[in-house]
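These values consider heavy atoms only, across backbone and side chains, with no hydrogens, waters or symmetry-generated copies.
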Amino acid sequence: MDWVDVLIGICLIILGLIWYKYQIQKTKKYYEDKSHGQLSTQPSQYIGILILVLGGIVMIYRAL
């Protein structure tokens, strides 16, 4: 078991969850302000979050 990969995987997952929480708050603000032009960039942000979390899970899985 490679502990470095496990730690990096955990860090990626935590970073993805922090980014997800930030995006949720930002999306709520855009809905309240009714700035729908800003909401068009949201899907790419969520894809980035998904890549971070899945990358962390794969790193942990491969290390075990």
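Val58 and Leu12 end up in different hydrophobic clusters when Ile, Leu, Val, Met, Phe, Trp and Tyr side chains are linked at under 4.5 Å. A continuous path of hydrophobic side-chain contacts links Ile18 to Ile10 [ILVMFWY only; heavy atoms under 4.5 Å]. In this structure, Ile57 is a member of the same hydrophobic cluster as Leu17, with clusters built from ILVMFWY side-chain heavy atoms closer than 4.5 Å. Follow the hydrophobic side-chain contacts under 4.5 Å out from Ile49 and you reach Leu15 in the same cluster. Linking Ile, Leu, Val, Met, Phe, Trp and Tyr whenever their side-chain heavy atoms come within less than 4.5 Å leaves Tyr61 and Leu52 in two separate clusters.
Partners of Leu7 under the side-chain contact (heavy atoms from CB on, under 4.5 Å) rule, at least two apart in sequence or in another chain, do not exist in this structure. Annotation: side-chain contact (heavy atoms from CB on, under 4.5 Å) contacts of Ile24 (sequence neighbours excluded): Tyr20, Lys28, Tyr46.
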For this session: Show the numbers, then the answer: is there a side chain to side chain contact (heavy atoms under 4.5 Å, CB included) between Arg62 and Asp5?
Result: CA-CA 8 Å; Arg62 286 185 180 174; Asp5 286 341; over 6 Å; no

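The other residues sharing a hydrophobic cluster with Ile51 are Ile47, where clustering joins ILVMFWY side chains under 4.5 Å apart.
Each of Val4, Ile13, Ile8, Val6 was checked for a side chain to side chain contact (heavy atoms under 4.5 Å, CB included) with Met59, and the lone residue meeting it is Ile8.
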